[in-house]
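First comes the structure, then the notes that go with it.
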Amino acid sequence: MLSSPTLSKLLPWLTPSSLKQSTQLHALMVVSGSLLSPPATTHLFKSIVDSLQPPNLSYALQLFAQIPSPCTFLWNTVIRACSRNGAPRESIRLYDQMHRRGIAPDSYTFQFLFKSCGVSSSAFEGRMVHGLFVKLFPESDAYAVSSLIHMYMELGRVGDARRAFQRISRRDVVSWTTMISGMAKLGFLNDARKLFDETPVRNVVSWTSLIAGYAQADRAEEAIELFTKMLSDNVKADTVTVVVVLSACAQLKDLELGKWIHSFIQKEGIIINNNLVVALIDMYSKCGDVNCAQECFDSMGRKVLQAWNAMIDGYCKIGDIDRARSLFDQMGVCDVISFNSMITGYIHTGRLKDALLLFAKLRESGLRPDNFTIVGLLTACASLGALDQGKALHACIEEKLVQWDVYLGTALVDMYMKCGNTEQAMLVFQRMEERDVRTWGATIAGLALNGMGKLALEYFDLMKKEGIRPNSVAYLSVLTACSHSGLLKEGRSYFEEMRSLYKLEPEIEHYGCIIDLLGRSGHLKEAIGLIETMPVEPNAVIWASMLSACRVYKDMELAEKAAENLLKLEPNEDAVYVQLYNIYVDSRRWADASKIRKLMEERGVRKTAGYSSITVAGQVHKFVAGDQSHLQITEVQKMLNEIAKRLKLAGYLPIIQQISVDLDDEEKEQALFAHSEKMAIAYGLISLPPNLPIHVIKNLRVCEDCHSAIKLISKIWNREIVVRDRSRFHHFRDGRCSCNDFW
DNA sequence: ATAGGGTTAG
């Protein structure tokens, strides 16, 4: 067959449609000798580069290397191939070769080189190539210069981009839009807008660029406004435009608008590609209409990864985490984003253990966790008090598994703080090069939680000295610090200062802090006065802290007022009834106390059991008073008896006054030892190595008896014990606690 | 014979 001279002449002009066909053709050409003829090789090369799906760059480069003396056109083709197929540096290297072989570049060559330098962020090379270009082509055409502007935009060199733009003698629509989109993307919205207003040639691309700029800058309303202006200007939206607009709807969580855009797309006959379907799914997911999202998803033929991920996100957002998981398990291929969405979903629904388990799976899968993964998991560890896992994540960061940034550092500080390890938290804080207001906030709040209120205030002042302007959240941290450490004078002055110095209007949480602080310090009249005069409606948290203060300072009248308001806001919260009941019992008003019991029964409010949890070897163990379901309950029971025995030997008297149930004293003592935090501590004593602190989380407030008993336990066993309850940390060491007023 | 600009997940 090959002996036919006609066929061998025809060979080079065939167009291969697969890699196999290409290699066959290539082989035939080598054998027949037609590879040596430049036009034939050029054609083969070009058809290989252009027709292969996916493009096979290394094959193309190999073939190129065999071509004896490629012309400028062929060099351009190969440089372009590199710039388009993820090997931009290779195209710069090729240009170097071209230059050394004395082949003259043309303006196409430069276009592709600019593109390569842009996508690979090669600022130095970019400037060199630019210099060369100006020397060779002083009369620059709009085509190549548009690429040049684009390159400088990608390098973040707005000034250079602008100068290049100004040098163009005849600016066309593309050079204008390149400027507009570059400016908008870099966040120079005002400049972009000015260019947009000046341009004589506006089209759908310039409109879309500007809309996208606003959407990306979290200014979705303005993006939508521009979109309506564009429509009234009679510019037809295309697929890219509506993708951008849908992302703005998602940002605004405006389902109505999203639905309107959806019907607009159908009405206008806008071409619906996979990208657009993904944008629709994402919009519906974020707006909370997962059924519509599912409909779009079902309509998709070949389901792309992004669509799966958007669906997972949608089910997570409405809290249907199991549905999300089932989708996740159905995915053929998933990526780190799929994992992150699931992990965040678990964290949001409080299934922290599942989140950590999924992380283990992620590591097994060989995918690389990124900053989102680590920040999410650190948050989970923080609320679990899972110090071991938190430390493992810290190790991941130290091993440079992810790129260090300020969010990561802040999450790390927060985790160590919430796990009660203030030393490590401060070490991380001190090592951070960049700290933003959130970093400081996490540090201040963490110190406050850990009973180091004075130090928290010092850090707050330090933050201000470093020129960081405190925001509302930072003030919340510092007020929390004051209320946790009973720093009344300081609390008052910070509360005053946030308004006068920083023009921050106190929100309900800030009022909550200052009212709590006043109440704790016994200034009940002042507290109630503030509640009555503040510009926001008091919430349940505020009345609850009033009620606690009233119990301690024995103000029956105010207590009843607080309870009345509290019961209006939270008629089903058992803790309110219990608290009020206890207050009546304290002051021996038995009739009122039993009325409360009756009220609870009438309203069907059941007292829910408080639980405590402890993490051992990555497993969360939950204890409920009186619950025998723990696997090692016998050992726990034994340990509790041992604790009771040793405490008695040390002369400990259980504080039974707080128990208002009708029991004799011995039964009361036993009841105290069935408390869930004591069970958790007992389990910690038997299962944790002696050098590890025992870290317990309690979902209710630690009671007075537990507080003093744990002090003694820490001394007798010489163990550090950290108990974290709803509102604070208790660090027990050497028979002492970091917070001395237990309530 | 080759060409420049706008989009997307957590």
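Residues A:Asp282 and A:Ser285 have side chains that never bring a donor and an acceptor to within less than 3.5 angstrom of each other. A:Arg80 and A:Tyr108 form no side-chain donor-acceptor contact under 3.5 Å, judged by distance and modelled atom types alone. Counted by atom type alone, A:Ser209 and A:Thr177 present zero donor-acceptor pairs between their side chains at under 3.5 Å.
Spacing between atom CD1 of A:Ile265 and atom C1' of B:dT7 amounts to 13 Å, rounded to whole angstrom units. Whole-Å rounding puts the A:Asn273 CG to B:dT7 C1' distance at 10 Å. Between A:Tyr143 atom OH and B:dG5 atom P there is a gap of 12 Å when expressed in whole angstrom units. Distance, A:Ile270 CD1 to B:dG6 P: 19 Å, rounded to whole Å. When rounded to the nearest whole Å, the span between CG of A:Leu113 and P of B:dA3 equals 15 Å. In this structure, the CG atom of A:Asn275 is 6 Å from the C1' atom of B:dT8, given to the nearest Å. Straight-line distance from the CG atom of A:Asp370 to the C1' atom of B:dA9: 12 Å, rounded to whole Å. The distance from atom CZ of A:Phe328 to atom C1' of B:dA9 is 15 Å, rounded to the nearest whole Å.
Within the nucleic acid shown, A:Asp313 comes within 4.0 Å of sugar-phosphate atoms alone, with no base atom in reach, counting heavy atoms only. Among the atoms of the strands shown, base atoms are found under 4.0 Å from some heavy atom of A:Ser146. In this structure, A:Ala279 reaches neither bases nor backbone, as no heavy-atom distance under 4.0 Å exists between it and the strands shown. Contact annotation for A:Ala215: no contact, since no heavy-atom pair falls under 4.0 Å across all strands. Counting non-hydrogen atoms under 4.0 angstrom, A:Ser107 reaches nothing in the nucleic acid. A:Val240 comes within 4.0 angstrom of a nucleotide base, judged by non-hydrogen atoms across all strands. Heavy atoms of A:Val242 sit nowhere under 4.0 angstrom from any nucleic acid atom.
A:Gln330 CD to A:Ile312 CD1: the interatomic distance, rounded to the nearest 0.5 Å, is 9.5 Å. A distance of 8.0 Å separates CG in A:Leu377 from OG1 in A:Thr344, rounded to the nearest 0.5 Å. Rounded to the nearest 0.5 angstrom, A:Gln216 CD and A:Gln251 CD are separated by 9.5 Å.
Taking only side-chain atoms of A:Lys286, from C-beta outward, the nucleotide of B:dG4, B:dG6, B:dA9 with the closest atom is B:dA9. Candidate nucleotides B:dG4, B:dG5, B:dA9 were compared by shortest atom distance to the side chain of A:Gln111, and B:dG4 ranks first. In this structure, the nucleotide among B:dG6, B:dG5, B:dT8 sitting nearest to the side chain of A:Lys115 is B:dG5. Residue A:Ser209 places its side chain closer to B:dG6 than to any other of B:dG6, B:dA3, B:dA1. If you check B:dT8, B:dG6, B:dA3 against the side chain of A:Val243, the one that comes closest is B:dT8. Nearest nucleotide to the side chain of A:Ser147, out of B:dG4, B:dT2, B:dG6: B:dG4. Distances were taken from every side-chain heavy atom of A:Asp172 (C-beta onward) to each of B:dA9, B:dG5, B:dG4; the shortest belongs to B:dG4. Ranking B:dA9, B:dA3, B:dG5 by closeness to the A:Asp282 side chain, first place goes to B:dA9. Each of B:dA3, B:dG6, B:dT2 was ranked by its minimum atom distance to the side chain of A:Val204; first place goes to B:dG6. With B:dG4, B:dT2, B:dG6 as the candidates, the nucleotide lying closest to the side chain of A:Asn76 is B:dT2.
Counting atom types as modelled, A:Ser175 pairs no side-chain N or O with a base atom of B:dG5 as donor and acceptor under 3.5 Å. Judged by distance alone, with hydrogens and angles left aside, A:Thr177 brings a side-chain donor or acceptor within reach of the base of B:dG5, the pair sitting under 3.5 Å. In the interface, the side chain of A:Thr208 is paired with the base of B:dG6 through a donor and an acceptor atom under 3.5 Å apart.
Distances shown here put every side-chain N or O of A:Gln216 at or beyond 4.0 Å from the OP1 or OP2 atom of B:dG6. Contact between the side-chain N/O atoms of A:Lys185 and the OP1/OP2 oxygens of B:dT7 is found at a separation under 4.0 Å.
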Q: I would like to know whether A:Arg438 and A:Asp414 meet salt bridge (charged side-chain N to carboxylate O under 4.0 Å, His left out); could you show each step before the answer?
A: CA-CA 10 Å; A:Arg438 277 167 291 223; A:Asp414 188 53; over 6 Å; no

